[in-house]
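What follows is a single structure, written as structure tokens, with notes after it.
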Amino acid sequence: MANLTVNVFLSTHCQFSIIGQEFSRTGWGFAFPRDSPLAVDLSTSILHLAENVDVQRIHDKWFSKSACSSQGTKEFNFVWDYFKSCYSAPYVNIGVLFSFNSTIGKVVKVSVDAAVEDVNSDPSILRGTKLKLTMQDTNYSGFLAMLEGGKLAEKRCKLSYKAPLSPTANPDEITNALATVALMESRVIVLHLYDDDSLQVLGVARDLGMIKSEYVWIATDWLSSVLDTNSLLPLGVYDNIQGVLTLRKYTPDNEQKREFVTRWKKNLTLNGLIGLNAYGLYAYDTVWLLANAIDAFFNQGGNISFSRDAKLSNIQGKDLHFDAVSTFNGGNLLLHNILQVNITGVIGLMRFTSDRNLINPAYEVINVIGTGSRRIGYWSNYSGLSVVPPEELYNKPNKPSGWVFANNGEHLRIGVPIQTRYPEIVSHEKGTNEFSGFCIDVFYAALKLLPYALGHNLVPFDSKKNYKADDLLQLVPAGEYHAAVGDFSITTDRMRLIDFTQPYMDSGLVLVAPIRKLNSSAWVFLRPFTPTMWCVTGIFFLIVGVVVWILEHRQNDDFRGPPVIQINTILWFTFSTLFFSHREKTVSYIGRFVLIIWLFVVLILTSSYTASLTSILTVEQLSSPVKDIQSLIISSEPIGYNRVSFVESYLTDQFKIDKSRLVPLNSPEEFEKALT
């Protein structure tokens, strides 16, 4: 079954589960005749939808969270929450790298400190765990800045000359470099340097007569950061930068941003002498983004642990002790949570695209005039240079004038299957041409991004028999339909006949089998250990308490007193070690040694108990002998499949499975009956 279809089925059939891994990876696309330009245009629209996470938003609209996801754990969430609170880290250490004395660094430090304070004082996030930041001065070791020229070259910008300058370059070195630049034919100069030293370069350029109308100076966003951060620049500095173009990271206006700017001016900096630049806004939201990701990491059972990497230990390097470097074991899960964060902060919406970039990146284009600057436009990858704010273009793209579909023009006939089994994917209202569902919403969203109007009619396709997707797709090259919209998997065989758009949804083939769960009861917390194990553990608790009392009571006042008090102390001490909360001190060396060994045993016991209980409450157990696709192939079990899909041909062609084992199924009811 296709992955999304399976998820819809499993959301209401909790007695089944996916087993093994996906054994075929594909995607869903809209179908067009071969070499149709509409396939290309709609593919571009789908890419924009994916970049803005609109496809995910449509997906979330139609496919709600499964009702089975938390089944079996609701009665005992308190157990897991209790252990999580006992053993979760009291704080998380996070390293921050930047140049302390740079213009950007001064602002980033204040923003990061403010964000950490806000996160740690918010009870709704991390719930008891605090962020602890360690800042490290990089002293301008920003070698990544060297990549800027390569990125320009990738955009087909011809670079006539690159003039490298050291951060500590003196006026003579700057003069020699600019003199060489002045001999070049091009008069467009891109200045990409460290913020605090670059003003000196423009001063030397002015002395050489290079700040004239014959030259175009474009500074990267370091200049806007300098202007935003330093409100009291000498007048001579403004004389050196007249007419220079620069960029500033664009952040849309919102209530959170206005409140933070007001707070910055009043409380965060001394009399507002350090101005707030765009990097400060991004730094503040980055801490919140990371806090949300760590919160999700802990909620998913993640823990902070590190291990040595054998690959690093084998690296030989002078004065580089790679063998002392540890790697974070939960890195992949934390990275996944970072990429899934969806919050609104001072910079606006903070969310990542499928290629791991922030959505809707944009810059303001700034021109330095007099003792200030003027915004002359915006730049974004989506629209290029524009005078319209980027969010307006993303939400309502401009369409060129002249594109109005004629009233007497031929509308495209677009076939839509009406025999789909899940209305969340495609649904048709009988007797009308009204359609709804995930596929339909994605199609209409893509149409809105086309730079022209597209006259079309959605036509219901009814095969009058057991429907297969290929029945409809074959009518597209035949000319009966101009296109087809639905949950069509993109396969090699189909692409020989028709063109598909860019996939708008990843899909794949998986196996589904029945599962069984242990019955829940009020005594479920006893199941991780056998009765014998519980008895042995209890006996050891008493033995350790007595041993520590024997070693300590002669010289330790905490273990002295009347017999009743001493018995109470023994019991309290030994069982409080279960939570590492014992308050009695051990003074004898032998007693301390025994206690260390016992605490290590307690750590193993509690870790094993927590893991076993979590598994009992959350992990289903398969009741099928088939564990993955390979075990299915070598078995003689019948295989049910969705008749609509391409699964039959795939299993027979790729895995050479005999057709006699394949059983076509048409509806969720048939799936359930076959698996029961």
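Heavy atoms only: backbone and side chains are in, while hydrogens, waters and symmetry mates are out.
- Listed for the T26 side chain is a donor-acceptor partner under 3.5 Å among the backbone atoms of I490.
- Side chain of Q56 to backbone of A50: no donor-acceptor contact under 3.5 angstrom is found.
- A donor-acceptor pair is defined here as one N or O able to donate and one able to accept, closer than 3.5 Å; such a pair exists between the side chain of T501 and the backbone of F30.
- Of all heavy-atom pairs spanning I104 and N277, the tightest one is CA-ND2, 4.3 Å.
- Taking each heavy atom of I46 and Q502 in turn, the nearest pair found is CD1-O, 3.5 Å.
- Geometric assessment of K249 against the ring of Y282 yields a positive cation-pi assignment under the 6.0 Å and 45° thresholds.
- Looking at S373, its side chain never comes within 3.5 Å of a backbone N or O of I369 through a donor-acceptor pair.
- In this structure, the side chain of S224 engages the main chain of D221 through a donor-acceptor pair within 3.5 Å.
- Remark: side-chain polar atoms of D285 are paired, donor with acceptor, to backbone N or O of V346 under 3.5 angstrom.
- Distance alone, capped at 3.5 Å, is enough to place a donor-acceptor pair between the S386 side chain and the V388 backbone.
- A salt bridge is absent between R187 and E214; no separation between the charged side-chain nitrogens and carboxylate oxygens falls under 4.0 Å.
- Y284 pairs in a ring-ring contact (aromatic ring centres under 6.0 Å, His included) with only one of the listed residues (F260, W264, Y279), which is F260.
- A salt bridge is defined here as a Lys NZ or Arg NE, NH1 or NH2 lying under 4.0 Å from an Asp or Glu carboxylate O, and D113 with K109 meets this definition.
- Counting heavy atoms from C-beta on, the side chains of N342 and N292 never come closer than 4.5 Å.
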